[in-house]
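Report on the structure given below.
These figures come from a predicted structure and were not determined experimentally.
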Amino acid sequence: RSSAAANRPRANRYPIAAPMRIPSSSPTSNKTAPICSDDLTVGAKPSADTPGAPTDRGKARYAHNGAMAQPSDSGPGTTAALLAGYLHAAGVRHVFGYPGESILDFMEAARHRGVQVVSAVREGTAAFMAEAAAMTSGRPGVCLSTLGPGSTAVLNGVASATLDRVPMLAISGQIESSREQFFTHQVVDHDRMFAPVSKLALRLDPASADTVIRKALRTAVAERPGAVHLTVTADAWSVPAEGQVSLPPLAPAAVSVDV
């Protein structure tokens, strides 16, 4: 080991997460919420090989990741755009998740709608980040995962939000509907897995997307608040969805779950 490495402060020798702050998801609040960043060092200035501000890192991902640079059509009128529009209207400004092929269309739609997708170290971390964001902002927290092991990783965070009475919307991608019934690799039955630890487990299909999204948001915030899980197949995101953004009542003390 070199003398320079030996003399370097211990905190700068080992990569650990450094705290950073992001704006509150509430459009009427100027408060900030502590979130964990993935800076490589603590107390060190960014250099050529050290990522800079979180915004710069996000731009780099979209600029250099070929899979993200060429998503399917998720323009106005698609299922992805409708869900992103509902989240934005509900005051959600951050979605926490881990990128995967089955959710790229929604990530792009959210970005175009002004909802920032915050990439976590793993899906399980994203779920707890979403719960923390909901606690600090008063808005529903949203986490995003891909299929298979990605969806199983958010299970603990979904259960935690339900037990803590924190409104959360957990969105998981799924394999294309044409292969879902017989394909076995990384295919998990989300309804059976999430039903015991959430208030409701739903499937988002383009034909009923408007009603299902309203029901999911209303159920998450209604007494007693908790987590709602949404499954979306990879081929559903780019399909046109009828309906327009019309928020359900989001007051937690409402007397029903009418949508």
Side-chain angles (χ1 to χ4, degrees), residues 21-36 54-55 58 74 76 78-99 103-120 123 125-145 154 157-158 160-162 164-173 198-200 202 204 209-222 225-232 237 241 243-252 254 259:
R21 304 183 76 82
I22 63 171
S24 169
S25 296
S26 173
T28 60
S29 173
N30 293 324
K31 295 181 179 180
T32 56
I35 300 295
C36 202
T55 302
S74 56
T78 65
T79 304
L82 184 63
L83 179 56
Y86 264 102
L87 295 182
H88 186 274
V92 176
R93 296 296 180 266
H94 297 87
V95 172
F96 304 90
Y98 191 87
I103 54 176
L104 290 180
D105 289 336
F106 173 70
M107 293 175 65
E108 280 294 284
R111 185 172 66 93
H112 286 295
R113 203 71 173 86
V115 179
Q116 181 181 358
V117 179
V118 181
S119 182
E123 291 89 352
T125 306
F128 286 105
M129 292 169 73
E131 182 183 9
M135 288 179 174
T136 58
S137 69
R139 306 283 182 173
V142 182
C143 64
L144 184 64
S145 71
V154 302
V158 170
S160 178
T162 301
D164 290 341
R165 306 182 186 184
V166 175
M168 176 193 285
L169 191 62
I171 305 166
S172 294
S198 65
K199 294 184 68 177
L200 193 62
L202 297 168
L204 187 61
D210 183 50
T211 301
V212 169
I213 296 171
R214 286 171 54 84
K215 184 175 183 178
L217 289 172
R218 185 71 196 97
T219 303
V221 301
V228 172
H229 184 267
L230 279 180
T231 297
V232 192
W237 291 120
Q244 58 185 2
V245 176
S246 178
L247 283 178
L250 295 180
V259 297

(request) Verify side chain to side chain contact (heavy atoms under 4.5 Å, CB included) between Glu131 and Met135, making sure each step is shown before the conclusion. (result) CA-CA 6 Å; Glu131 182 183 9; Met135 288 179 174; 3.4 Å; yes

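- The local environment of CZ in Phe128 is crowded, with over 12 non-hydrogen atoms from other residues, nucleotides or ligands closer than 6.0 Å.
- Closest of all the heavy-atom pairs between Pro249 and Arg218 is O-CD, 2.8 Å.
- The backbone N or O of Gly226 sits nowhere less than 3.5 Å from a side-chain atom of Arg165 that would complete a donor-acceptor pair.
- Taking each heavy atom of Val118 and His94 in turn, the nearest pair found is CG2-CD2, 3.9 Å.
- Here the side chain of Lys199 pairs a donor or acceptor atom with the backbone of Ala222 at under 3.5 angstrom.
- For the pair Ala126 and Cys143, the tightest heavy-atom approach, listed with the atom from each and the gap, is O-CB, 3.9 Å.
- No side-chain heavy atom of Val232 sits less than 4.5 Å from a side-chain heavy atom of Phe106.
- Counting heavy atoms from C-beta on, the side chains of Arg93 and His88 come closer than 4.5 Å.
- No donor-acceptor contact under 3.5 angstrom links the side chains of Ser198 and Thr162, judged on distance only.
- Contact annotation: the side chain of Ser246 approaches that of Tyr86 to within less than 4.5 Å [non-hydrogen atoms, C-beta and beyond].
- When all heavy atoms of Leu217 and Pro248 are compared, the closest pair comes out as CB-CG, 4.2 Å.
- The two residues Ser145 and Glu123 come nearest to each other via the heavy atoms CB-CG, 3.7 Å.
- Contact check for Leu87 versus Leu169: side-chain heavy atoms found under the 4.5 Å cut-off.
- Across all their heavy atoms, Leu82 and Ala209 have their closest contact at CD2-CB, 4.0 Å.
- The main-chain N or O of Ala216 is never found under 3.5 Å from a side-chain atom of Thr219 such that the two would form a donor-acceptor pair.
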